[in-house]
Amino acid sequence: MATADLLERIRYLNKIGIALSAERDHIKLLELILSSARTLTGADAGSLYLVEGEQLAFALVQNDSLNIHFGGSGTPLTDSFKPLPLYLAGGQSNDRLIVAHSVLHEKTVVVDDAYDADGFDFSGTRAFDEKTGYRTRSVLVVPLKNHENEVIAALQLINKQADGNTVPFPDDDIDLTQSLASQAAVALTNQRLVEELHHLFESFTRVIANAIDAKSPQTGAHCRRVPELTLMIADAASGADYPGLRDFELSREGRYELETAAWMHDCGKIVTPPHVVEKSRKLETIYDRIETIAARFAALAQTSEWQDKTDQLRDDLAFLEQTNLGGEFMNDDAIDRVKAIGRRRYPDLNGELQPLLTDDEINYLCIRKGTLTTDERQIMKDHMVHTINMLEQLPFPKHLRRVPEYAGGHHERMDGKGYPRGLTREQMSVPARMMGIADVFEALTAPERSYKKPMSLSQSLTIMGRMVEDNHLDPDLFRLFIDKRVYLTYASEYLTDAQIDEIDLDQLPGYRPA
């Protein structure tokens, strides 16, 4: 071969190497490997096989003379392209198949004429030729090895063309193809490693989220639902013409970054004490102390002072049991009644009189809203601090660098009165504000919270509307949430029929229709 021609092919090989290293799409990478090898050698046809266990699976089959392109972005591979076994039934190497022989022995194999090749079985090739009218002659098979020196694929080229004739593959073709195969193996390996790391990280985020959900039946599938709802909002917002959203566009990479943040948004709860996360009753710590109080009532009922007042005791105990459930608000009269009950005295086993309720129990029962004390609420709030600390310690790559900011902002408020950093709307990204909407809506409508009934759509959106008016939630995102009917899309998949009711948008607080 002329030196000038060889230099030109080497330059082409270098271009191929650059292209292979830059290609991220798996199918396009496979097609680039085979088509480049055929162009480099002038091969009329070729196949690319991938090693899958003890088989060679067809990935691509190309033939210019027959105008066929099977696999990849071309015509799907038919049943006739079955995987080729590397070993026979008895466990012996399948050396009769040229491509299997090349893979098993990790070496390049060259045949000048397939119909006159000793040691190899080309019966399948002959059958294909008879069916199509093709004539297979020269064959070149090169194995592709990864960084661990394992064969991961095989490149088979057929019928080199020169001056309109089919000729054997010369030595320089073999050398160039082996060089290309080496670069291709690196590209395939790198892509596979990236995909495996991507899958590993994705699985890790879901394992953490699922562990948090499993830790608390009270929050149920919260960590799984919030990502779904967040992405629904983000998809609706991408390109939307709303004052605060006009510059928001959701790319594929941005969507993955937001999804990752949503899966990790409550990761700090992994260190929150279970008895706080799980607290569905005011008196609940490791156990619900209402049962202990009931035993004291039974002891009090045996005293002479209260033997004739058992109905009142039953009523007072029922009141405490109801109070213990928690709720949206506890008024002053109820608090005074708890304190009055607590001042009663019952005899212990030594006959000494003890208060019916301890000061600690009174404090817990007098929680005005929900089931958590101020200290317990702070412990729950601190999960955001833990979330941010955990995520900021992770060496996120460039395309995930905003995960801590997105995940750490869903309890902030538009007026800067949220936690943990007290950020204002202007200091928060649009994705972080989206997660705030998703987090609230999921919590309001969730069916697993034993301390409250799952709210209907109208109830939930009314509360969220008031949160908008109170500068808690983003007004533009709330309007988009309504206008684009994101709440209905989510409701159709995750809410019960009883929760999906009619909504009077004209009376909905915080909503400004277009």
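The figures that follow rest on heavy atoms only: side chains count, while hydrogens, waters and symmetry mates do not. Counting from 1, the numbers follow the sequence of the chain as shown.
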* May I ask you to decide if Arg206's main-chain N or O and Asn210's side chain share a donor-acceptor pair within less than 3.5 Å? => yes

* Could you check if a side-chain atom of Leu84 sits within less than 4.5 angstrom of a side-chain atom of Phe58, using non-hydrogen atoms only? => yes

* Quick one: are Val151 and Pro143 in side-chain contact, heavy atoms under 4.5 Å? -> yes

* Measure the spacing between CD of Glu442 and CD of Glu228 and express it to the nearest 0.5 Å. => 11.5 Å

* To do: Apply ring pair (Phe, Tyr, Trp, His ring centres under 6.0 Å) to the pair Tyr115 and Phe122, showing each step before the final yes or no.
  => CA-CA 7 Å; Tyr115 287 13; Phe122 280 99; 8.2 Å; no

* **Partners passing side-chain contact (heavy atoms from CB on, under 4.5 Å) against Ile18 (at least two apart in sequence or in another chain)** => none

* To do: Apply side chain to side chain donor-acceptor pair (under 3.5 Å) to the pair Thr108 and Gln178, showing each step before the final yes or no.
  => CA-CA 8 Å; Thr108 297; Gln178 288 175 330; 2.7 Å; yes

* Asked: Quick one: CE on Met264 to CD1 on Ile212, what's the gap to the nearest 0.5 Å?
  -> 7.5 Å

* Salt bridge or not for Lys28 and Glu23, using N-O below 4.0 Å? -> no

* To do: Taking all heavy atoms of Ala185 and all of Ile152, pick out the closest pair and write down the distance.
  => O-CD1, 4.1 Å

* Structure fact -> Distance col, row Ser458:OG vs Tyr487:OH, nearest 0.5 angstrom, shows 10.5 Å

* With sequence neighbours excluded, what pairs up with Asp25 under the salt bridge (Lys or Arg N to Asp or Glu O under 4.0 Å) test? -> none

* From CA spacing to verdict: salt bridge (charged side-chain N to carboxylate O under 4.0 Å, His left out), Asp172, Arg9 -> CA-CA 10 Å; Asp172 55 348; Arg9 296 172 73 193; 3.4 Å; yes

* **Side-chain heavy-atom pair Phe128, Ser80 within 4.5 angstrom cut-off** => no

* Structure fact -> Taking every heavy atom of Leu495 against every heavy atom of Tyr490, the minimum-distance pair comes out as CD2-CE2, 4.1 Å

* Tell me, yes or no, whether the heavy-atom count around Glu54 atom CD, taken from other residues, nucleotides or ligands under 6.0 Å, exceeds 12. => no

* To do: Say whether, by atom type as modelled, one donor and one acceptor occur between the side chain of Gln393 and the main chain of Asn389 under 3.5 angstrom.
  => yes

* **With Arg135 via salt bridge (Lys or Arg N to Asp or Glu O under 4.0 Å) - residues at least two apart** => Asp113

* Asked: Which atoms form the tightest heavy-atom contact between Glu412 and Met428, and what is the distance?
  -> CB-SD, 3.6 Å

* Would a distance-only check, ignoring hydrogens and angles, find a side-chain to backbone donor-acceptor pair under 3.5 Å from Asp129 to Gly133? -> no

* To do: Look up atom NE2 in His147 and atom CZ in Arg192, then write down how far apart they are to the nearest 0.5 Å.
  => 10.5 Å

* Atom CD1 of Ile158 and atom OG of Ser47: how far apart are they, to the nearest 0.5 Å? -> 5.5 Å

* Lys484 bridged to Asp235 by N-O distance under 4.0 Å -> no

* Heavy-atom closest contact (Thr166 atom, Arg137 atom, distance) -> CG2-CB, 3.8 Å

* salt bridge (charged side-chain N to carboxylate O under 4.0 Å, His left out) between Arg425 and Asp476, intermediate numbers included -> CA-CA 11 Å; Arg425 182 175 189 259; Asp476 290 323; 2.8 Å; yes

* For the ring pair His472 and His411, is the centre-to-centre distance below 6.0 Å? -> no

* Of the non-hydrogen atoms in Ile16 and Ser36, which two are nearest, and what is the gap between them? -> CD1-CB, 3.5 Å

* Asked: Charged N to carboxylate O below 4.0 Å: is that the case for Glu8 and Arg11?
  -> yes

* Asked: Sub-3.5 Å donor-acceptor pair from the side chain of Gln499 to the main-chain atoms of Ala491, do we have one?
  -> no

* To do: Please assess Lys160 against Asp44 for the test salt bridge (charged side-chain N to carboxylate O under 4.0 Å, His left out), listing each intermediate value before the final yes or no.
  => CA-CA 6 Å; Lys160 176 180 174 62; Asp44 179 54; over 6 Å; no

* Interatomic distance, Met467 atom CE to Ile437 atom CD1 [nearest 0.5 angstrom] -> 8.5 Å

* **Contacts of Arg246 that satisfy salt bridge (Lys or Arg N to Asp or Glu O under 4.0 Å) - sequence neighbours left out** => Asp241

* Asked: Are the side chain of Arg126 and the backbone of Ser123 linked by a donor-acceptor contact shorter than 3.5 Å?
  -> no

* Asked: Val139 versus Ile98: any side-chain heavy-atom pair under 4.5 Å?
  -> yes

* Asked: Checking Thr489 side chain against Arg485 main chain: does a donor-acceptor pair fall under 3.5 Å?
  -> yes

* Side chain His410, main chain Ala407, donor-acceptor under 3.5 Å -> yes

* Are Asp266 and Lys269 close enough for a salt bridge, meaning some N to O gap below 4.0 Å? -> yes

* Positive for side chain to side chain contact (heavy atoms under 4.5 Å, CB included) with Phe120, one of Leu97, Val109, Val99, Asp95 -> Val109

* **Ring centroid separation Phe441 to Phe481 under 6.0 Å** => yes

* To do: Verify whether the ring centers belonging to His265 and Tyr406 lie closer than 6.0 Å.
  => no

* Side-chain contact test, heavy atoms from C-beta onward, threshold under 4.5 Å: evaluate it for Leu180 versus Thr41 and give yes or no. => no

* To do: Examine distances only and state if a side-chain atom of Ser138 and a backbone atom of Pro168 form a donor-acceptor pair shorter than 3.5 Å.
  => no

* For the pair His399 and Glu257, evaluate side chain to side chain donor-acceptor pair (under 3.5 Å) and give the outcome as yes or no after the intermediate values. => CA-CA 7 Å; His399 68 286; Glu257 186 176 33; over 6 Å; no

* To do: Under the side-chain contact (heavy atoms from CB on, under 4.5 Å) rule, collect the residues that match up with Gln183, sequence neighbours excluded.
  => Leu13, Leu20, Ser179

* **Neighbour count >12 (heavy atoms, 6.0 Å) for atom CD, Glu502** => no

* Structure fact -> Applying ring pair (Phe, Tyr, Trp, His ring centres under 6.0 Å) to Phe70 and not counting sequence neighbours gives Phe81

* Decide yes or no for Phe396 and Pro404: does some side-chain heavy atom of the first lie under 4.5 Å from some side-chain heavy atom of the second? => yes

* **Donor-acceptor pair, side chain of Gln161 and main chain of Asn159, under 3.5 angstrom** => yes

* Asked: Is Glu106 salt-bridged to Lys145, cutoff N-O under 4.0 Å?
  -> yes

* Asked: Is the closest side-chain donor-acceptor distance between Arg24 and Gln191 under 3.5 Å?
  -> no

* Asked: Using 4.0 Å as the upper bound for N to carboxylate O, is an ion pair formed by Glu405 and Arg433?
  -> no

* Are Glu195 and His26 side-chain neighbours, meaning at least one heavy-atom pair lies under 4.5 Å? -> yes

* Would you check if Ile33 and Leu188 make a side-chain contact, meaning some heavy-atom pair closer than 4.5 Å? => yes

* Asked: Are any side-chain N or O atoms of Gln55 and backbone N or O atoms of Pro83, one a donor and one an acceptor, separated by less than 3.5 Å?
  -> no

